[in-house]
Amino acid sequence: MRTLITNIKSLVQVEENKRIAVCGEEMSKLNCIDNAFLIVEDDKIVDFGEMSKLSETNAEKIIDANNRFVLPSFCDSHTHLVYAGSREIEYIDKIKGLSYEEIAKRGGGILNSAKRLQETSEDKLYEDAMQRLEEIKSYGTGAVEIKSGYGLTTEAELKMLRVIKRLKENSPLTIKANFLGAHGVPMEYRGRQSEFVDLVINEMIPRVVEENLADFIDVFCDTGFFTVEETDRMLFAGMQNGLVPKIHANELDYSGGIQVGVKYNALSVDHLECVGDEEIACLKASQTMPTILPGAAFFLNMPYSPARKMIQAGLPVAMASDFNPGSSPSGNMQMILTFACVNYKLTPQEAINATTLNSAYAMGISETHGSIARGKKANFYITKDIPTIEYIPYYYGTNKVERVFLNGKEQ
Ligand code: NIG
Ligand code: FE
């Protein structure tokens, strides 16, 4: 099936030569073709250019974009969107002054979600997560990484990962699975945390790998959660079993999480509220994508990661939603653009780079996703009638996406 899209006001994030990520100053540039066409063959982008140069005659289907923008779908490289129930009661506790760590200490937070997940059937988890995928699809997301980590027992972790596997098989979104067995320490392991780490290494990882349920391994490496030494042990074991590290780091403290992630060549280190010169130097000497989660910092009212400083140092920066029931109950990547601009002082161009090509890198798919390039997956959206691309983060809180195409098919 060959589809031609005509009269595109501006085709955004176009690449003649594919890059795997965009660093530093380059992030402020977004290559666009005004008054453009786009040609899709089956699930791939095959051509694009200016309308005046269009000579296509073979298209079986023609779609008039009607002077709207076309952008590559967002790649949301960090989510926990398989979960049971919701946690608005803790949200009220937070409003009243309790901290995220205090809530976690008394069995709320991740442990609360784990209890609910253990009691919920695989089918119900699947249906709820599929609905969330449909929702984020309507806001322009075309690829998403989903973590386990609300199981915290071997069986419940496997249940979560099987749900993610079913989502992979049945959703038009591109999905990557991340095994996050070390998301929190279950109550019964309090005081003997290292035994829980042993369980992750000796029982969970082998089972996950045996059933081929994950692409990545994650650890919540931070004060009050897992130490650098424990993270080191788990990442080493995961890597030996073929899992690529991608970790939670430096959210609550200068925890050494970035350094241990880089040591194991993590694809990304995520959160990064606590980043100084040492962490920046470490990232500069690595292939690891620094990934900021603006929704979590906003929702928990945390200090903001020094995105501008990282970009000035020549680093790439990715941004993702962190969609989860505790620290970021939204998967709307258009809101992430707004947060990127308002709270991190990124320009809309930098924010789009951070949520498309760089976040594609952070989930290992930037060869095929994250920009409009020949041979890449035809994952893109047509906007509503908006005046500029800057309008997308500016006019926040409403959906600026009108038509969604994934794998070349209109959704
Ligand atoms: O990325 N920081 C650790 N994990 C999640 C929060 C999970 C939760 O509170 O349920 C996060 O923010
Ligand atoms: Fe997270």
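Numbering of ligands and ligand atoms starts at 1, following listing order.
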Hey, are the side chains of Ile8 and Arg68 touching, using non-hydrogen atoms and a 4.5 Å cut-off? no
Parallel, tilted or perpendicular for Phe220 and His248, by the 30°/60° rule? tilted
Could you give the distance from CZ (Phe299) to OG (Ser328), rounded to the nearest 0.5 Å? 8.0 Å
Residues two or more places apart in sequence or in another chain: which of them pass salt bridge (Lys or Arg N to Asp or Glu O under 4.0 Å) with Glu210? none
Look at the aromatic rings of Tyr391 and Tyr395 and report parallel, tilted or perpendicular, splitting at 30° and 60°. parallel
Top protein contact for atom 6 (C) of ligand 1, by heavy-atom distance: Tyr100 OH, 3.1 Å
Contact atoms of ligand 1, heavy-atom distance to His78 under 4.0 Å: 1 (O)
Scan Lys165, Lys147, Lys168 and name whichever one has a salt bridge (charged side-chain N to carboxylate O under 4.0 Å, His left out) with Asp215. Lys168
Contacting atoms of ligand 1, where contact means under 4.0 angstrom from a heavy atom of Asp322: 1 (O), 11 (C), 12 (O)
Suppose I only count heavy atoms of His183 and a 4.0 Å limit; which atoms of ligand 1 are within that range? 3 (C), 4 (N), 5 (C), 7 (C)
Distance-only criterion, 3.5 Å: show the donor-acceptor pairs between side-chain atoms of residues 281-291 and protein atoms not counting sequence neighbours.
unit_1	atom_1	unit_2	atom_2	d
Lys284	NZ	Ala313	O	2.9
Ser286	OG	Leu283	O	2.7
Ser286	OG	Thr288	N	3.1
Thr288	OG1	Ala266	O	2.6
Thr291	OG1	Met289	O	3.3

Atom 3 (C) of ligand 1 - nearest protein heavy atom and its distance: Phe220 CE2, 3.2 Å
Scan for side chain to side chain donor-acceptor pair (under 3.5 Å) pairs involving residues 334-345, sequence neighbours excluded, and state none if there are none. Tyr304-Asn343, Gln334-Asn399
For Tyr150, the atoms of ligand 1 under 4.0 Å from one of its heavy atoms are 7 (C), 8 (C), 10 (O)
Below 2.8 Å of the Fe ion (ligand 2), tally up the protein N/O/S atoms for me. 4
Heavy-atom nearest neighbour in the protein, as seen from atom 12 (O) of ligand 1, with distance rounded to 0.1 Å: Ser327 OG, 2.5 Å
Ligand-residue contact atoms, ligand 1 with His248, heavy atoms, under 4.0 Å: 1 (O), 2 (N), 3 (C), 4 (N), 11 (C)
Are side-chain N/O atoms of Tyr83 and Asp128 paired as donor and acceptor at under 3.5 Å? no
Ring centers of His183, Tyr150 separated by less than 6.0 Å: yes
Looking only at protein heavy atoms, which one is nearest to atom 2 (N) of ligand 1, and how far off is it? Glu251 OE1, 2.8 Å
